[in-house]
Amino acid sequence: MTMSLSRRDFLKAGAGLIVEFQLAPYAYSQTPQTGAPPARPIDAWLAIDAEGQVTVFCGKVELGTGIETAMAQLVAEELDVAFPSVHLVMGDTARSVNQGPTVGSKTLQQGGPQLRRAAAEARLTLLAMAAEKLAVAAEQLRVADGVVSAPNGSQVSYAQLVGGKRFARTVGDTARLKSPADFRIVGREQARVDIPGKVTGSHNYLHDFRLAGMLHGRVIRPNAIGAKLKAVDEASVNSLPGNVRVVVKGNFVGVVAEREEQAIAAAAALKIVWTPPASGLPAMSELEATMRRTSAETQQMTAAGDVDAALKSAARTLTASYRTPYQSHGSIGPSCAVAEVKDGRLTVWSATQGSWMLAGNLATLLGLPPAAVRVIWMEGSGCYGHNGADDVAADAALLSQALSRPVRVQWMRSDEHGWDPKGPAMIVDLRGGLAADQRIVAWDYQVITPTHSSRPAGGAGGNLLAGLLQGMAPRLAMTGGNRNAPTNYQIPNHRVTVHWLKESVLRASALRGLGAPQNTFANESFIDELAAAAGADPIAFRLKHLAGDSRAIDLLAKVREISGWTPRPSPSTSPRKVSGPVLRGRGVAFARYENEFASAAVVVEVAVDRKSGMISVPKVHVAHDCGLIVNPDGLKNQIEGNIIQTLSRALKEQVTFDRNGVTSVDWVSYPILRFSEIPEDINIALLNHPEDVMYGAGEATAVTVFAAVANALFDATGVRLRSVPFTAADVLRELAHRKA
Amino acid sequence: MALKEVELLVNGERRQIAAEGDTPLLYALRNDLKYNGAKFGCGLAQCGACTVLIDGQPVRSCVTPIAGLAGRQITTLEGLGTREKPHPVQRAFIELQAAQCGYCSNGMIMATVALLAANPKPGDAEIRSALEGHLCRCGTHLRIIRAVRRAATLLAQEKQS
Ligand code: FES
Ligand code: FES
């Protein structure tokens with residue numbers, strides 16, 4: 001696939017935001033994409049102190065997914081030390097190795113092999129030191145828990161060999177990585193290192209970090225997207241307690257006070273006059289029409305055979321369109337940051353996914369040389385993509401710079417729901433053809449999507465909300481909307497076309513899976529529609545088009561087995577089920593993340609109340625393959641989370657907006673799944689492939705859920721829902737429609 | 001402007017803080033007393049992240065002013081147990097690995113302590129309903145439900161011994 005390298009100038013995105021798009025995805029191109037670590041001294045990657053404790057300077061960060069534990073397992077394994085002696089320093093631009101941002105399920109996949117290699121090289125170096133010390137050939141030495149032993153019984157520990165000193169050696173490619181057969185730590189259940197602190201109130205969350213002399217800040221956003229600041233009445237907060245100060249930069253407005261509740265009160269009291277934007281957002285009911293009208297850059301992603309001819313000569317053709325709305329990250333803790341500008345240097349404590357990228361953009365925003373910015377990552381509330389973490393860091397940095405004091409900014413709930421970059425709405429149009437032998441002969445896929453990333457990148461101030469509010473331009477690459485647009489099925493004539501919208505109604509960025517859940521919703525719903533048209537069992541129909549893909553075949557066979565799947569076409573025709581008050585069905589979906597990494601096959605069981613249309617999901621079955629498994633229970637925790645979060649997106653979630661901006665600004669207007677709505681059980685089968693590499697597991701399961709639910713609803717009711725979220729009202733409307 | 005001294009009884013200790021009476025308890029606990037267990041999630045009584053116990057009852061500290069709390073027993077996550085000596089409910093959450101980001105854990109644990117005090121052997125539906133007002137975005141709900149059941153067992157064992 002090639003993309004046009006041409007740059008587009010001054011395209012209008014959202015209301016009043018000037019955006020410069022570039023079609024070549026430059027983002028993260030500096031990130032090492034393979035297991036080969038950049039040539040760096042071992043000392044850059046890890047250090048062993050006099051007590052034998054190992055510190056790893058890890059560029060990847062803990063987003064709540066358990067990678068701190070998994071990465072420590074990898075290092076302990078290759079280094080041959082006890083697991084508890086490994087500690088990670090994550091995402092500190094001054095101390096950690098820049099391993100690229102923590103995104104796209106690439107932490108274990110790309111960052112893991114780098115740590116393994118660095119640890120293996122360190123072990124090899126330590127063995128050479130021990131050989132010299134013990135006067136024994138290195139090949140004869142054994143290591144256990146950081147102690148090297150010779151056949152004659154003499155021993156020396158890593159701490160004695162290098163404790164507190166430097167390795168002074170570059171990571172090369174001499175050391176052999178351990179064979180999976182020799183693993184003692186990788187692949188075994190390992191209790192997560194962070195959970196004891198998290199459940200006792202002693203974990204070091206960013207939100208709990210305070211500096212001496214720190215002020216509390218809050219931001220006040222325009223009352224409409226694109227509104228311009230006309231006047232600020234500082235006198236309106238002068239008499240409030242807490243030495244309130246107001247900071248204004250362009251359309252960026254913030255207040256600080258000594259105490260947190262004082263800053264909140266000041267933000268609420270500050271009188272501001274805004275000039276409304278020339279044109280507001282489109283009406284929500286016009287979203288699809290607006291997207292279809294918006295000018296786009298077209299990319300031909302894949303093409304084979306003659307799709308048009310095959311559609312013409314097909315025995316049967318189907319057409320369908322699928323829609324997904326804007327959705328929010330909904331982190332339980334709104335974003336937070338602490339910043340200190342002192343002596344021309346900025347230090348920011350942040351829960352960002354990309355410390356180095358954030359540092360570059362903050363430097364531009366504050367007019368500082370990049371070398372004068374340090375970002376120190378600390379864990380925040382769960383992160384499922386580009387939420388407000390970077391933006392709030394910019395807010396804190398600006399306030400600290402203006403006041404020469406350390407400032408903590410805690411976004412309010414409405415800041416996070418209202419202003420976090422949203423996972424964008426998408427539309428997919430599909431046409432397919434079946435041959436007389438009930439195989440798919442033609443597949444014509446067109447997706448309409450804005451980019452799914454506006455992360456800090458390229459030093460552009462406008463990739464931070466505070467920069468946008470000061471009129472700085474963002475730098476955006478078209479990315480993510482094409483993720484999983486192609487399928488892994490064998491279809492002789494197929495074509496996948498991506499229409500990259502030059503503007504997004506709401507500021508858009510990465511949300512778990514980027515475009516993959518939406519594209520898979522379309523692909524895996526449509527293949528179900530074709531299976532139904534062919535009168536085929538949905539699993540058997542998929543298998544027919546996966547010949548030779550043994551990993552996919554194994555997964556579908558496994559999920560068929562664990563879900564007790566009875567082969568039959570959908571919808572369910574069992575009269576007993578159709579006559580009762582509750583309609584029951586099952587649906588399957590399969591996806592391989594980015595068509596080449598971790599895969600999941602999922603069966604969702606649904607129950608639909610015929611009278612109310614209420615949908616519930618009593619059970620979900622998952623067969624999962626992410627290559628070599630590091631921590632099986634940690635992986636299951638991820639898979640469960642992927643299922644529950646995406647069920648929530650499938651059944652409930654849709655960002656609402658009016659002409660001024662987002663109106664779903666709390667948990668009442670943006671509801672998510674609650675305990676009463678959670679499945680009784682999520683039944684998981686892990687297919688381990690120790691002979692393979694590690695694939696990240698943060699998203700693969702999530703990708704399948706929209707489609708599996710839609711397919712189950714079709715199986716239960718005979719109605720096909722093609723717009724997320726699927727609500728009781730949709731079910732009732734379609735059922736009534738079918739009767740009429 | 002001088003702020004009034006308010007006395008709070010937190011985790012068995014009398015603590016003085018200087019703040020307005022309408023200050024939400026959450027900020028007094030976190031910023032003045034450095035009890036960080038309770039978390040800010042919404043400030044709207046919608047998510048449960050800020051839950052503490054007042055006289056044993058779960059309360060949303062983000063909307064509870066400190067005025068009027070004099071003499072009331074306030075218990076935070078830190079008041080239950082420590083890393084070294086966790087409370088049975090905390091132990092159950094660790095055993096069942098019932099957290100991802102853990103930002104919701106405070107509320108889940110405080111609500112569980114209150115639930116099990118009132119109902120030592122809750123059924124699945126009772127657990128779900130006790131936690132209904134507590135949001136988790138990471139999707140650890142099923143582990144949390146299992147942890148509550150495990151905590152019930154641990155507490156029963158503790159009582160017996
Ligand atoms: S922070 Fe108090 S209920 Fe959400
Ligand atoms: S564990 Fe992250 S919100 Fe519950």
Side-chain angles (χ1 to χ4, degrees), chain A residues 63-66 191-192 194-203 205 207-208 210 216 241-242 259-262 264 329-334 336 379-384 410 412-413 633-634 637-638 640-648 666-668 672-676 678-682, chain B residues 1 3 19-20 22-24 27 30-31 34-44 46-47 49 76-78 80-83 86-87 89-90 93-95 97-106 109 124-125 127-145:
Chain A
L63 303 175
T65 64
R192 281 177 49 166
D194 50 341
I195 292 181
K198 286 175 173 176
V199 302
T200 52
S202 57
H203 188 70
Y205 283 104
H207 294 68
D208 306 334
R210 299 176 189 89
H216 291 272
R259 294 181 57 88
E260 187 162 13
E261 67 275 10
Q262 293 168 337
I264 295 170
H329 298 84
S331 299
I332 296 299
C336 178
E379 186 171 357
S381 181
C383 167
Y384 325 99
Q410 164 73 68
M412 303 303 283
R413 175 47 54 200
D633 185 64
N637 200 348
Q638 269 310 286
E640 291 163 20
N642 267 256
I643 291 286
I644 291 172
Q645 185 180 85
T646 320
L647 278 178
S648 181
D666 61 16
W667 295 117
V668 172
I672 62 172
L673 226 54
R674 291 176 179 274
F675 271 92
S676 61
I678 301 294
E680 289 149 28
D681 190 22
I682 298 174
Chain B
M1 195 186 326
L3 293 165
E20 298 285 343
D22 60 359
T23 299
Y27 302 119
R30 291 176 52 81
N31 297 332
K34 311 292 186 271
Y35 284 119
N36 292 324
K39 295 280 181 281
F40 173 77
C42 64
L44 305 164
Q46 291 176 353
C47 74
T76 72
L77 189 62
E78 294 90 339
L80 298 181
T82 61
R83 256 186 106 99
H87 181 276
V89 174
Q90 293 168 318
F93 273 68
I94 298 169
E95 278 181 23
Q97 296 284 289
Q100 286 189 29
C101 79
Y103 203 87
C104 69
S105 300
N106 167 71
I109 291 168
D124 196 77
I127 296 172
R128 286 179 189 245
S129 108
L131 298 176
E132 186 71 356
H134 291 260
L135 300 179
C136 172
R137 185 54 161 171
C138 297
T140 48
H141 305 71
L142 288 175
R143 286 168 181 256
I144 292 169
I145 294 170

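Below, read A as the first sequence line, B as the second, and so on, with proteins coming before strands; counting in each chain starts at 1.
With respect to chain A, the highest number of heavy-atom pairs below 4.5 Å among B:Thr140, B:Ile94, B:Leu131 belongs to B:Leu131. Chain A forms more heavy-atom pairs under 4.5 Å with one residue of B:Ala38, B:Cys42, B:Pro86 than with any other, namely B:Cys42. Put simply, of A:Pro196, A:Cys336, A:Gly382, the one with the most heavy-atom pairs under 4.5 Å next to chain B is A:Pro196. Taking chain A as the reference chain and counting heavy-atom pairs below 4.5 Å, the highest number among B:Glu78, B:Arg143, B:Lys39 is found for B:Arg143. Ranked by non-hydrogen atom pairs under 4.5 Å with chain B, the options A:Ile678, A:Asn637, A:Val668 are led by A:Asn637. The candidate with the highest count of non-hydrogen atom pairs below 4.5 Å against chain B, out of A:Ile195, A:Thr65, A:Leu63, A:Ile332, is A:Ile332. Per-residue heavy-atom pair counts under 4.5 Å with chain B were compared for A:Ile264, A:Ile643, A:Asp208, and the maximum is reached by A:Asp208. Of all the listed residues (B:Gly81, B:Ser129, B:Gly102, B:Ala130), the one sharing the greatest number of non-hydrogen pairs under 4.5 Å with chain A is B:Gly102. Of all the listed residues (B:Gly139, B:Cys101, B:Ser105, B:Cys104), the one sharing the greatest number of non-hydrogen pairs under 4.5 Å with chain A is B:Cys101.
Only the side chain of A:Gln410 comes within less than 4.5 Å of a heavy atom in chain B; its backbone stays farther off. Heavy-atom distances place both the backbone and the side chain of A:Arg192 under 4.5 Å from chain B. There is no contact between B:Ile127 and chain A, counting heavy-atom distances below 4.5 Å. Interface residue B:Leu44: only side-chain heavy atoms are found under 4.5 Å from chain A. For a residue to count as touching a neighbouring chain, one of its non-hydrogen atoms must lie under 4.5 Å from one of that chain's; by this rule A:Glu640 touches chain B with backbone and side chain alike. Contacts of A:Thr646 with chain B are absent, with no heavy-atom separation under 4.5 Å from either backbone or side chain. In this structure, chain B has no heavy atom under 4.5 Å from any part of A:Leu647. Proximity to chain B is limited to the side chain of A:Asp194, based on heavy atoms less than 4.5 angstrom apart. The parts of B:Ala99 that come within reach of chain A are both its backbone and its side chain, each placing non-hydrogen atoms under 4.5 angstrom from that chain.
The shortest side-chain heavy-atom distance between A:Arg210 and B:Asn36 falls under the 4.5 Å cut-off. In this structure, the side chains of B:His141 and A:Leu673 stay at 4.5 Å or more apart for every pair of heavy atoms. In this structure, the side chains of B:Asn31 and A:His216 come closer than 4.5 Å at one or more pairs of heavy atoms.
Considering every non-hydrogen atom in both A:Gly330 and B:Arg137, the closest pair reads O-CG, 3.2 Å. Taking both residues in full, the closest heavy atoms of B:Arg128 and A:Glu680 are given as NH2-CA, 3.6 Å, listed atom of the first, atom of the second, then distance. Contact record, B:Tyr103 with A:Gly333: CE2-CA, 3.2 Å, taken as the closest heavy-atom pair. Of all non-hydrogen atoms in B:Cys136 and A:Ile672, the two that sit nearest each other are O-CD1, 4.2 Å. Considering every non-hydrogen atom in both A:Lys198 and B:Gln100, the closest pair reads NZ-O, 2.9 Å. Between B:Pro24 and A:Glu261 the shortest heavy-atom distance is CD-CB, 4.2 Å.
When only modelled atom types and interatomic distance are considered, A:Asp633 and B:Gln97 share no side-chain donor-acceptor pair under 3.5 Å.
In this structure, the side chain of A:Arg674 does not engage the main chain of B:Leu135 through any donor-acceptor pair within 3.5 Å. Not a single donor-acceptor pair under 3.5 Å links the side chain of A:Glu260 to the backbone N or O of B:Tyr27.
Under the side chain to side chain donor-acceptor pair (under 3.5 Å) criterion, A:Ser202 pairs with A:Thr200, sequence neighbours left out.
Between the CD atom of A:Gln262 and the CD atom of B:Glu20 there is a distance of 7.5 Å, given to the nearest 0.5 Å.
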